[in-house]
2 protein chains.
Amino acid sequence: MLRGTNLKFVNSYNLRIVLEMIRLYGPMSRIDISRSTHLTAQTVTNITKKLMEVGLIFESDRKQNGKGAPSILLKSNPDCAYSIGVDFDKDHLNCVLVDFNGVIRESISQTLNCPAPDQAIDMIVQSVRRLIKKARIKKSKLWGVGVGVPGPMILLDNSIRANIINPKFYPGWDNVPIVQILKKKLKVPVYIENNAAAAAIGERWYGIGKHIDSFFYIFFGAGIGGGMVLNGLPYPGFRGNSGEIGYLPLLNNFTGKLQLDDSAHVGMHFDLLLLYNELKTAGYKIYEPAQLEKLFLNNEPILLDWMQKGAEQLAYTVLAIEYLIDPEIIFFGGRLPECMISAYIDIINEIAPRHRISGLKQIPELKLARAGVDATALGSATLPLYNSFAPIPSLLHKKNEVAVPDLKMIYQAL
Amino acid sequence: MLRGTNLKFVNSYNLRIVLEMIRLYGPMSRIDISRSTHLTAQTVTNITKKLMEVGLIFESDRKQNGKGAPSILLKSNPDCAYSIGVDFDKDHLNCVLVDFNGVIRESISQTLNCPAPDQAIDMIVQSVRRLIKKARIKKSKLWGVGVGVPGPMILLDNSIRANIINPKFYPGWDNVPIVQILKKKLKVPVYIENNAAAAAIGERWYGIGKHIDSFFYIFFGAGIGGGMVLNGLPYPGFRGNSGEIGYLPLLNNFTGKLQLDDSAHVGMHFDLLLLYNELKTAGYKIYEPAQLEKLFLNNEPILLDWMQKGAEQLAYTVLAIEYLIDPEIIFFGGRLPECMISAYIDIINEIAPRHRISGLKQIPELKLARAGVDATALGSATLPLYNSFAPIPSLLHKKNEVAVPDLKMIYQAL
DNA sequence: GTGCTTTATTAAAATTAATTGATTTAATGG
DNA sequence: CCATTAAATCAATTAATTTTAATAAAGCAC
């Protein structure tokens with residue numbers, strides 16, 4: 001799609017660049033922003049003036065740096081915008097309300113048992129309303145709701161993200177337009193994303209990935225998934241299926257055992273329901289990931305064996321990511337306890353080098369991302385803020401509809 | 001790197017957008033460009049005026065479309081710019097001179113025997129000079145020289161692409177600054193790229209990939225390599241190693257045989273020197289890919305067995321590409337004869353579905369790209385033109401040095 | 001303390017390319 | 001032949017950045 005651009009697009013982009021500079025590297029002065037972005041000092045003054053008027057940033061102390069007038073440090077305002085993230089799956093619903101700086105202000109968790117769409121959507125709506133009340137924020141400052149769901153989605157005509165949760169595992173969830181329904185009921189922008197991709201975006205916007213332009217994110221949820229950020233931007237793939245590492249065929253030469261059938265796939269080794277069942281035979285009653293921490297720390301053999309088998313498959317996947325995508329870093333995060341994710345990283349770091357061709361000097365580092373219950377919800381909460389405030393280069397191109405709100409809308413909203 | 005932009009960058013980008021529209025969809029009228037790019041008609045008039053002044057485009061017939069003034073069709077001028085592509089490897093040196101439309105005007109091929117750097121560079125310089133003479137073009141219209149080399153390179157400080165050919169297989173080629181040397185001798189811009197990546201860029205700029213925004217390119221050269229184009233742009237990876245499918249570990253469950261050692265890799269099955277040796281034991285004297293066509297058409301068992309084993313490994317690689325990257329299309333191209341590449345595609349299309357998880361409806365199509373001797377050289381020839389004329393979005397961002405010539409420099413050059 | 005130097009910030013004017021609105025050009029069709 | 005339609009362009013306007021110049025605030029020398 002070859003699209004031209006013009007001065008207005010330039011301005012809205014530069015606005016976001018300056019805001020992002022302050023968010024990532026702040027507190028910082030106008031002159032530092034100018035030097036970094038190569039915008040003139042005057043332009044930075046003009047833009048920061050606008051940003052201050054709408055309350056996105058504010059001036060704080062002056063910084064003395066030798067001779068000359070000390071520069072005025074600019075900070076981003078955590079209370080300028082809030083967002084709600086929803087982590088939804090068959091067995092749980094976690095919702096968090098975060099401020100602009102990504103700090104979780106309030107959260108609500110509940111367990112589910114494969115609810116029907118109507119029921120689930122009602123619960124989400126109620127949770128959102130309760131969060132707004134609990135946090136005592138103005139609804140006008142709620143920038144939107146982001147929903148992270150397991151499995152792939154389809155894109156509708158207008159390239160508005162929508163709404164199939166893998167119908168195979170979710171009876172009744174075929175073709176449910178969650179986005180439209182939630183938008184209508186809540187009257188705020190609603191975004192939906194695969195939970196792994198949402199976690200990756202969250203890592204990019206708030207996590208260690210803030211300064212990493214290209215990374216792969218391996219996500220432990222009910223199964224295993226992945227998301228990627230390339231050149232600073234989420235890369236969803238042509239059909240929205242990129243990063244689906246769970247679908248890779250099983251290898252028997254890594255495990256030393258025979259594979260079940262030709263279409264057996266890596267995801268099998270990370271299906272928590274299968275693990276819970278296996279643990280049940282040993283007398284454990286496990287129904288959520290947090291309970292695994294204790295078993296892991298007690299060196300429960302069933303769990304350790306399970307992890308070892310999975311890690312062997314994952315090691316190959318990591319090599320494939322290295323050689324195909326060559327990201328700067330591979331993050332590991334998700335709903336599992338931090339100690340387990342770290343253990344996976346350790347096993348892979350032991351296995352992978354044996355299968356690596358000699359001669360490659362630099363390889364991506366494996367790093368722990370945000371783990372635990374809130375990982376997905378926080379990632380999902382990022383979606384509205386990311387879309388409203390991130391300097392996405394495609395903003396520079398003319399489009400029929402401005403999908404992304406610009407400062408005029410921010411003026412109106414505040 | 002967060003950089004701002006301004007009106008001048010907008011203009012140089014819009015110039016390229018309009019030129020690209022005409023190149024890809026031309027002949028087309030100003031009003032069609034306006035509707036497509038969402039630039040106003042007046043802006044398109046201004047831009048096309050500039051492009052005509054420097055001879056990049058010209059007006060041709062009027063197209064009658066019902067009532068009203070007929071629109072004037074604009075065409076890109078094939079003789080506005082030329083480029084020379086160099087395909088260099090241990091055993092051969094192919095050079096082509098192409099015009100702006102990608103038509104090969106002249107070419108020179110010669111066989112080599114692992115030459116030393118001085119010798120090789122001299123041969124390249126001579127070939128370039130001979131091509132200019134043969135094609136009888138003005139040197140001022142030679143936009144540059146692109147060199148495709150096997151194996152990885154490193155990027156120098158200024159992000160000017162440079163200059164290591166995998167030193168392991170090329171004694172004496174450690175740290176040779178080819179780009180700088182050639183630039184000094186030829187006095188034109190010189191670009192270097194991995195041959196697989198160059199072929200991918202060539203496919204994007206001149207091939208079927210012209211209208212495909214995201215694809216993976218599997219390249220058959222002396223071994224096997226890969227390149228990718230994502231969101232319309234070449235994606236080199238963080239260390240310039242993306243697409244290195246040859247490095248993936250071997251799988252024994254696909255071949256049914258034991259792997260040699262832990263670091264045995266897919267590339268082994270595509271190493272032409274190994275194949276030539278195996279064929280030698282059967283009495284064949286093969287030293288270049290074109291000779292394989294006859295053997296293949298005669299159903300030579302050694303060759304067919306070789307291809308079957310390779311294809312089984314490649315099928316897994318294709319699945320990994322599908323699930324990790326999810327490109328629109330996977331292209332297959334390179335120095336092998338077209339019939340052999342097609343055969344690889346057929347075998348993979350037979351194997352892959354068996355290992356695919358059920359439920360995924362859409363999958364990337366496997367397509368034949370340009371095959372044969374000129375594939376790499378044409379891809380390399382694309383590099384200078386691509387860098388000078390393609391609407392690369394990063395052009396919109398302010399930088400210290402303008403690495404890419406803009407229209408001012410085009411004025412001077414013509 | 002005073003005055004000079006240095007540096008950050010901002011005000012005013014200039015610049016630039018896109019946009020808007022009016023005009024010209026060239027065909028169709030009654 | 002003239003009204004209609006649509007493409008292309010001229011002229012004036014607009015909206016952002018840039019340039020130039022002024023102002024403000026600190027350090028430093030005397």
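Chain identifiers are assigned alphabetically (A, B, ...) following the order of the sequence lines, protein sequences preceding nucleic acid strands; residue numbering begins at 1 within each chain.
- Rounded to whole angstrom, the span from the NZ atom of Lys49(A) across to the C1' atom of dA16(D) amounts to 15 Å.
- One can place CG of Asn11(B) at 14 Å from C1' of dT17(D), the figure rounded to the nearest angstrom.
- In this structure, Phe9(A) has its ring center no closer than 6.0 Å to that of His38(B).
- Within 4.0 Å (heavy atoms only), Thr45(A) reaches at least one base atom of the nucleic acid.
- Remark: Arg30(B) is in phosphate contact with dT9(D), judged by side-chain N or O atoms under 4.0 Å from OP1 or OP2.
- Residue Met52(B) contributes atom CE, which lies 12 Å from atom C1' of dA8(D) at whole-angstrom precision.
- The two residues Val229(B) and Ala200(B) make their nearest non-hydrogen contact at CG2-O, 4.2 Å.
- One finds no side-chain N or O of Asn14(B) lying less than 4.0 angstrom from the OP1 or OP2 phosphate oxygen of dA17(C).
- Between Val18(A) and Leu39(A) the shortest heavy-atom distance is CG2-CD1, 4.0 Å.
- The listed nucleotides are dG27(D), dA7(D), dA27(C); the one nearest the side chain of Ser71(B) is dA7(D).
- Residues Asn231(B) and Leu233(B) form no side-chain contact, since every pair of their non-hydrogen atoms from C-beta on lies 4.5 Å or further apart.
- Looking at heavy-atom distances under 4.0 Å, Ile31(B) makes contact with sugar-phosphate atoms alone, never a base.
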Any protein N or O atoms within reach of nucleotides 19-22 of chain C? Criterion: under 3.5 Å, listing atom names and distances.
{"residue": "dT19(C)", "atom": "OP1", "partner": "Asn6(A)", "partner atom": "ND2", "Å": "2.8"}
{"residue": "dT19(C)", "atom": "OP1", "partner": "Lys398(A)", "partner atom": "NZ", "Å": "2.2"}
{"residue": "dT19(C)", "atom": "OP2", "partner": "Thr40(B)", "partner atom": "N", "Å": "3.3"}
{"residue": "dT19(C)", "atom": "OP2", "partner": "Thr40(B)", "partner atom": "OG1", "Å": "3.0"}
{"residue": "dT19(C)", "atom": "OP2", "partner": "Thr43(B)", "partner atom": "OG1", "Å": "3.0"}

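- In this model, the phosphate group of dA7(D) is approached by a side-chain N or O of Arg35(B) to a distance below 4.0 Å at OP1 or OP2.
- When the nucleotides dC28(D), dA18(C), dA7(D) are ranked by their closest atom to the side chain of Lys67(A), dC28(D) comes out on top.
- Rounded to whole Å, the distance from CG on Leu7(B) to P on dT14(D) is 16 Å.
- Comparing Gly68(A) and Asp32(A) by the nucleotide of DNA chain C that holds the closest heavy atom to each, the one mapping nearer the 5' end is Gly68(A).
- Computed from coordinates, the Lys8(A) NZ to dT14(D) C1' distance equals 9 Å when rounded to whole Å.
- Summarising the geometry, the separation between CG on Leu73(B) and C1' on dA8(D) is reported as 14 Å, rounded to the nearest angstrom.
- dA8(D) atom P lies 8 Å from atom CG of Leu74(B), rounded to whole Å.
- Heavy atoms from other residues, nucleotides or ligands lying under 6.0 Å from NZ of Lys138(B) number 12 at most.
- For Asn14(A) against Gly4(B), the heavy-atom pair with the smallest separation is OD1-CA, 3.3 Å.
- When side chains are defined from C-beta on, Tyr25(B) does not count as touching Ser36(B), because their heavy atoms never get closer than 4.5 Å.
- In this structure, the nucleotide among dA17(C), dT17(D), dA26(D) sitting nearest to the side chain of Arg62(A) is dA26(D).
- Asp61(B) places its CG atom 16 Å from the P atom of dA26(C), with the value rounded to the nearest Å.
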